[in-house]
Every structure is written in structure tokens, then in C-alpha cells.
Amino acid sequence: MKNQIQELLLQSLAELESKDILSTSNDILIKIENSRSPEHGDFATNLAMTLAKKNKINPRQLAQKIINQLPKSEILERVEIAGPGFINFFLKQDSHQATVVKILKNGHRYGDSKIGANISTLVEFVSANPTGPLHIGHGRGAAYGTAVSSLLRKIGFNVSCEYYINDAGRQMDILALSVWLRYLQHNDVKIPFPENAYQGDYITDIAIALYAEYAGKFVLPTEKIMPLFEEKAPELKIDGLIKYCIDNLGEKYYRIIFDAGLDSILTTIKNDLVGFGVKFNNWFSERSLVENKTVEKCIQKLIKNDWVYEKDGAQWFRSSKLGDEKDRVLIRENGQATYFASDIAYHLSKVERGFEKIINVWGADHHGYIARVKASMQALELSSDRLEVLLVQFATLYRGKEKLQMSTRSGEFITLKELQEEVGKDAARFFYIMRKSEQHLDFDLELAKSESNDNPVYYIQYAHARICSVFRQLSEKGINYQQAEALKHISKLNEAHEIKLLATLARYPDVIENAAITYEPHQLAYYLKDLANDFHTYYNANQFIVDDDIIRNARLTLIEATKQVIQNGLSLLGVTAPEVM
RNA sequence: GCGCCUGUAGCUCAACCGGAUAGAGCAUCGGCCUUCUAAGCCGGGGGUUAGAGGUUCGAGUCCUCUCAGGCGCACCA
């Protein structure tokens, strides 16, 4: 609809230009808005106001000239000038009514478009360290990332979702150590447990499972371990213990413990995500980048192109030459590659796998990381423009007044699974999506639980269930409804509530497109609330199952179309559309 | 100290690349169920958009400064 109006305006402008009344730049952007108020028609443009100054014409006069040159149109009832120079477009009623046909004809594809041009797109999100179950903080990234992916697919991008598994590095060593120490304790070895190791009960569970399979195979004499606990600096103590564990247990046994922890936690994470309705196309292992030498290959290439230098025994990347605020270490003094080195390789892999558009959904605490990753892509002569990093701000978690920590190490956190069990998947997903991603979120658990019945998601689902109920009543009463036949009577949909509902339904494709290209799924959530509101109002004002066949059929097509759009929208957000509530 | 994000009704949040009278929900007050689900609808009250300047036909939105909060500034991930 907007496109048609835009076309009319372009023709009008071309006409004015050919008469030398007006000059416009070639890249003129015609902005057409959905009017906020019915008295301003259905659509409005500020075109005359933006062109007025350049052409030294009074905006209202210019608006009149533009209107005079508008070609005849089938869809417009009338066009008006209002306020300082807005041009308001009023649609003919049958243009509104045609929306019903369009929706019912396209079904679950209503709202799709092809503007993504099948561009190969990778969306990476969650990617939490497999050192513990996902907590509520991860839920936001999961809900957001998957909604963005779904939206992009809807507008024609070829999207793949990926989870990057940080299965290498120090955090994982700490995890393995934590498992081992719990395992020793389970073997009645009297040994302390460091405060900065992973405290969660799930560690003990893994240790017990390990014991069940391997019995006392990994027990070492304690005399040599105990002195390591005397180290005062907590991080050094941990490192000392890890080193002891690897050296004395041997690489093979250490790997068994390490993998037991990794596999167990990864399985939990995968299950929790499936339960949350979040699916990944690929789980990408950081370790694989080390094992197949991609990391080494990256570093060699950087060295070859003179992006690396040595300082204090470490290898540094000259990222400050490429927009980063300082240079970054690739290889530490102790010879180990940094996480950043893996990440360079990971992004190379993304490009080499053919992704033209690369989207990373990161927690806001990683924002300082963007510049160095982009710098590395430039240094490897990969276009860094194709990388877009979407930052999701933190959710601060409260239980009533009490602020809760979401630290995995402390082991005290609400898991995503617990949230799901308490609040429900639909409500939780919608709760996350409602907030735009760059907003900080105060998530009061008590509130979320106690108000779960007031969660707007139920408002939307209720509209859907009500519509389903109407159709159930219809068949119970033995009243015939044939969509094709009923569609012949949509011209009867001209009551105020019906026009309002039709206009909202017509907006849906725009909402999808805009939500997708701006990566703002909350726009869809708010739209669905609006749509449900229009429906509930209509429901209260009019009876659908009436004796008049024509009126009844017309109304039924409208609510059937409404049902379809609610379904389409909710499914994009990972929320179900129940038929009964 | 530097960088990023945020500040809108009592609370939680919207506001479509700046646009017409800043909107919802919760809470509060008042109406609506012999008719398709009252998890609903209709109406009232509630605002100096943190503050001060600036840009322009027009600012919650853009710029500068101040204040307040969150996050980041590792040879951790």
C-alpha cells in the first residue's frame, strides 16, 4: 500500500520537475507514515515540508501542487493537506477490505517478503561458556537472537543460527578442576574446595556420574595437593591446582574429566534451549579451530602481513592501527593463544563458510570487543562491514527488593529452566522480547511470577482463543461457513471497528519488515498487542454469529484473517497460539 | 579518567531514518455479563520526556554541557 502511494508521489514530483516548479535531489527519500489518528487519514507524508525550504515555497502551497499532479488512483478516496503541510491519504473502503483476501490467500506466508534477497546470513547468539546451566541472563539473548533470526528469514534472508562453544581455555580448565575436586571429595578424600571454583551442585552430580563409571581411577595422593591450597592469591591457587591435575593425572585422564564436565553441561544447555523453543542449525566448537589449525593459520597470515609484533615475550596484534584503542595480545608469554586469537579464527571461518552477512548477538559487557574483532577482519582482508554486532543490555535480576547475582561461579542463580517452569515458556519468551534490546531490564522475579496472569502474552493468546471459540460455536450450531463464498461479502465490513481492525491487519507486513531490518522484535510484540486490542474491542461491540448470512460471513472472514495474523506473529516470537484458554 | 548503553505517568515500558494532541499495561476511581470465553470492553484522574543550552518550520528523538544509574577499559572468557 505504501509502495503504491510512493509511486504516485514519485510521478507527481517528476511532473513538477519537468515543469521546473520544483527540483529534487536524485536520492530523495519519500517517507510515508501510518497515520496515528483517523482524522489524518490512513497514511501521511511530510514530503512537502522537507522540500519546501530547498525550493523556497510555502509548504502548504507545495503540498497543493503535489496533490494536483497526483495520478488518478483506484485505492484513494481523497487526499488532504493538514497542519503545517502534511499530505494525508484516505484509502477507499474497498482497499481496506481487500486486506482480508490478501491475508486468507497467503495464510502463514502473509507478511513475507523477499527484500533479504536470499543473502546468506549467520546469526550467532547465546554462546554461553559451557561451565554451568543457562541462567536468566542468557534467556534474553536466546529469545532475542532467535526472534531476530526468524524475522530475517521472513523477509527473505537465508539465515543460519549458530552457538559458539567455548570448549577451550582457562574457564573450562577451572570447570574440569572443579569436577575433579568434587570427585575427590566423593571418594572421601579430605580436601578443601576453592571459593573461585564452580560452586554449583551440578558439579557434584557430574563428579558422582564420573565415579559411577570410573570408580576411584582418578584419585591421587593428597600430600602433594594440600600445599597448593596455601597459595594466597586465589587465581594463582586455581592455576596451580589445574597444572598439578594435568601433570599428575596425565593428559588422557584429565581429558576424560574435562569432557565429562563439558558433555554433561552442554547436554543440559541444549535441552534447556530446546525446551525454550530455541533451535540452532550449528554448534561450533572453539576447540575445533585449534585442532584444525585455523587459529595458527590466522596468526601466520597476520604475521606475514606485518600485523604482529613481539613485546614482553608475547605476540601482539596491531589492532590500534585499525581503530581499536590499543593493541591486543594473540599469544601469551606462556605460549598459550588468547581467546581473542580463537575469535579471529572463528570469524575467518564464518566468512570462509560463505556467510555474506554476519550477526553476533553479544551481551553488553562485550562491547569493548567489537573494535578488535573488526580490526582483525580488516587485517585478514575480510570486509568488516558484513559483521554486525547487536548488543543486548543486561537484565538485573531481583527477587522482590533483593538483587540477585547471576554469576555462574558462585552457583547461585536462577536457571533458564527454572524460569520456564515457574513462568512458562510463552510468557518468558514474550517478557524478554517486549523490552527493546538496548534497554536495561529490571527483572523482578516475584513480579514476573505473580503477574504471570497479567502478562500481555495472554491478552494476545486470548484473542486467538476467542476467535477459535467462535468457529467452534459455529460448527456446533451447524452453521455453514465457506471461506470462498464468504469473501464475496467483505464489502459489508465498513463499520468503524472493522475499518480499524482492517487497517491494523494491513500494517503487518510493514511491521515485520521494519522489525527485521532494525533487529527490533519488540516492535512485533507491541503490534500484536495493538492487534489484539482492536480485536477485543470489535468483539465487545459486535456479534459475529448473527442471523444475516451476508453480515455473518463478512465478519467471519475478518476474524479468520485476524486469527491468521496473530498466529503468524506469535510463531515468529516463539509463542504458541492456543485454541482454547 | 576514557568508551558504550540508559534516564518518558506512582511502577514496568512504547513512541515507525525529527512530525500533528507523548501512548499502553499494572496500580487507582467509575461504568458494562438473561447474547460468540469478563484472561475482555468503555470512560476518568495521573507528564516541565533527569536538568540547562543549541540546531529548525517542528525536538522525547539530533548536537554540547551537567546530574544520575548500568556495563566495559587483562598476556580472563
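Here is how names work: the chains are called A, B, and so on, in the same order as the sequence lines, proteins then strands, and each is numbered from 1.
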Using the 3.5 Å cut-off, write out each protein N or O paired with an N or O of nucleotides 33-35 of chain B and the distance between them.
residue: B:U35; atom: O2'; partner: A:Gln543; partner atom: NE2; Å: 3.3
residue: B:U35; atom: O2; partner: A:Gln543; partner atom: OE1; Å: 3.0

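In this structure, B:C67 shows a glycosidic angle more than 90 degrees from zero, which is the anti conformation.
Distance NZ (A:Lys500) to C1' (B:C41): 14 Å, rounded to an integer number of Å. Rounding to whole angstrom units, CZ of residue A:Phe430 and C1' of B:A39 are separated by 14 Å. As a whole-Å value, the separation of A:Ile238 CD1 from B:C76 P is 15 Å. In this structure, CD of A:Glu438 is placed 13 Å from C1' of B:U61, rounded to the nearest angstrom. If you measure from atom CD1 of A:Ile242 to atom P of B:C76, you get 13 Å, rounded to the nearest angstrom. Rounded to whole Å, atom P of B:A39 lies 14 Å from atom CZ of A:Phe535. To the nearest angstrom, C1' of B:U12 lies 8 Å from CE of A:Met434. The distance from atom CZ of A:Arg507 to atom P of B:C16 is 12 Å, rounded to the nearest whole Å.
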* Apply side-chain contact (heavy atoms from CB on, under 4.5 Å) to the pair A:Leu51 and A:Leu62, showing each step before the final yes or no. => CA-CA 8 Å; A:Leu51 290 176; A:Leu62 179 58; 3.7 Å; yes

* To do: Could you check A:Asp549 against A:Arg552 for salt bridge (charged side-chain N to carboxylate O under 4.0 Å, His left out), going step by step and ending with a plain yes or no?
  => CA-CA 5 Å; A:Asp549 291 348; A:Arg552 184 182 66 241; 3.0 Å; yes

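Neither OP1 nor OP2 of B:G23 sits under 4.0 Å from any side-chain N or O of A:Lys529. The side chain of A:Lys326 contributes no N or O atom lying less than 4.0 Å from OP1 or OP2 of B:C73. Listed pair A:Arg332 / B:C76 meets the phosphate criterion, a side-chain N or O lying under 4.0 Å from OP1 or OP2. Close to B:C17, at under 4.0 Å from its OP1 or OP2, lies no side-chain N or O of A:Asn514. OP1 or OP2 of B:G7 lies within a sub-4.0 Å distance of a side-chain N or O belonging to A:Gln439. Look at A:Gln523 and you won't find any side-chain N or O under 4.0 angstrom from OP1 or OP2 of B:A15. Remark: A:Arg60 is not in phosphate contact with B:A20, judged by side-chain N or O atoms under 4.0 Å from OP1 or OP2. A close approach under 4.0 Å does not occur between any side-chain nitrogen or oxygen of A:His366 and OP1 or OP2 of B:C4. OP1 and OP2 of B:A77 both lie 4.0 Å or more from every side-chain N or O belonging to A:Thr338. Not one side-chain nitrogen or oxygen of A:Tyr459 sits closer than 4.0 Å to the OP1 or OP2 atom of B:C26.
The side-chain ring of A:His367 is not stacked on the base of B:G72, judged by centre separation under 5.5 angstrom and plane angle under 30 degrees. For the pair A:Phe86 and B:A20, the ring geometry qualifies as stacking, because the centroid separation is below 5.5 Å while the planes lie within an angle under 30°.
Applying the side chain to side chain contact (heavy atoms under 4.5 Å, CB included) criterion to A:Thr338, with sequence neighbours excluded, gives A:Val329, A:Arg332, A:Phe340, A:Ala341.
For RNA chain B, if you chain together Watson-Crick or G-U pairs that step i with j, i+1 with j-1 and so on, the runs of at least three with distances under 3.5 Å are B:1-7 with B:67-73, B:10-13 with B:23-26, B:28-32 with B:40-44, B:50-54 with B:62-66.
Among the nucleotides B:G69, B:C75, B:A77, the one closest to any side-chain atom of A:Val329 is B:C75. Picking from B:G19, B:C41, B:C75 the nucleotide with the shortest atom distance to the side chain of A:Asp312 gives B:C75. The side chain of A:Asn533 lies closest to B:C42 when the candidates are B:A14, B:C42, B:C75. Side-chain proximity of A:His522 to B:C36, B:C16, B:A15: nearest is B:A15. When each of B:A74, B:G7, B:A15 is scored by its nearest atom to the side-chain atoms of A:Arg36, the top-ranked nucleotide is B:A15. Distance from the side chain of A:Arg466 is smallest to B:A38 among B:A38, B:C13, B:C5. The A:Trp316 side chain lies nearest to B:C75 when the options are B:G19, B:C75, B:C73.
Note on A:Arg466 versus A:Glu579: no salt bridge recorded, every NZ/NE/NH1/NH2 to OD/OE distance being 4.0 Å or above. Checked for salt-bridge contact, A:Arg328 and A:Asp324 meet the test: a charged N lies under 4.0 Å from a carboxylate O.
Within the nucleic acid shown, A:Phe340 has no heavy atom closer than 4.0 Å to any nucleic acid atom. Using a 4.0 Å heavy-atom distance criterion, A:Asn58 is classed as making no nucleic acid contact. Residue-level contact check: A:Ala465 touches the bases, meaning some heavy atom is under 4.0 Å from a base atom.
Scanning both residues, A:Asn514 and A:Thr518, for their nearest heavy atoms gives O-OG1, 2.5 Å.
No more than 12 heavy atoms of other residues, nucleotides or ligands shown are found within 6.0 angstrom of CG on A:Asp547. Around the NZ atom of A:Lys492, the shell of radius 6.0 Å holds no more than 12 heavy atoms that belong to other residues, nucleotides or ligands.
A:Thr294 pairs in a side chain to side chain contact (heavy atoms under 4.5 Å, CB included) with only one of the listed residues (A:Ile299, A:Leu289, A:Ile344), which is A:Leu289.
Ring geometry for A:Tyr539 against A:Phe544 counts as perpendicular: the plane angle is over 60°, on a 0 to 90° scale with 30° as the lower cut. Ring orientation note: the planes of A:His135 and A:His138 are close to parallel, at an angle under 30° on the 30°/60° scale. Aromatic ring pairs are classed by plane angle as parallel below 30°, tilted from 30° to 60° and perpendicular above 60°; the pair A:Tyr369 and A:Trp362 is perpendicular.
Between the side chain of A:Asn88 and the base of B:A20, at least one donor-acceptor pair of N or O atoms lies under 3.5 Å. Side-chain atoms of A:His536 and base atoms of B:C41 include no donor and acceptor less than 3.5 Å apart.
Nearer the 5' end of RNA chain B, as judged by each residue's closest nucleotide, is the contact made by A:Gln393, out of A:Asp365 and A:Gln393. Looking at which nucleotide of RNA chain B each of A:Leu391 and A:Val580 is closest to, the 5′-most match is held by A:Leu391.
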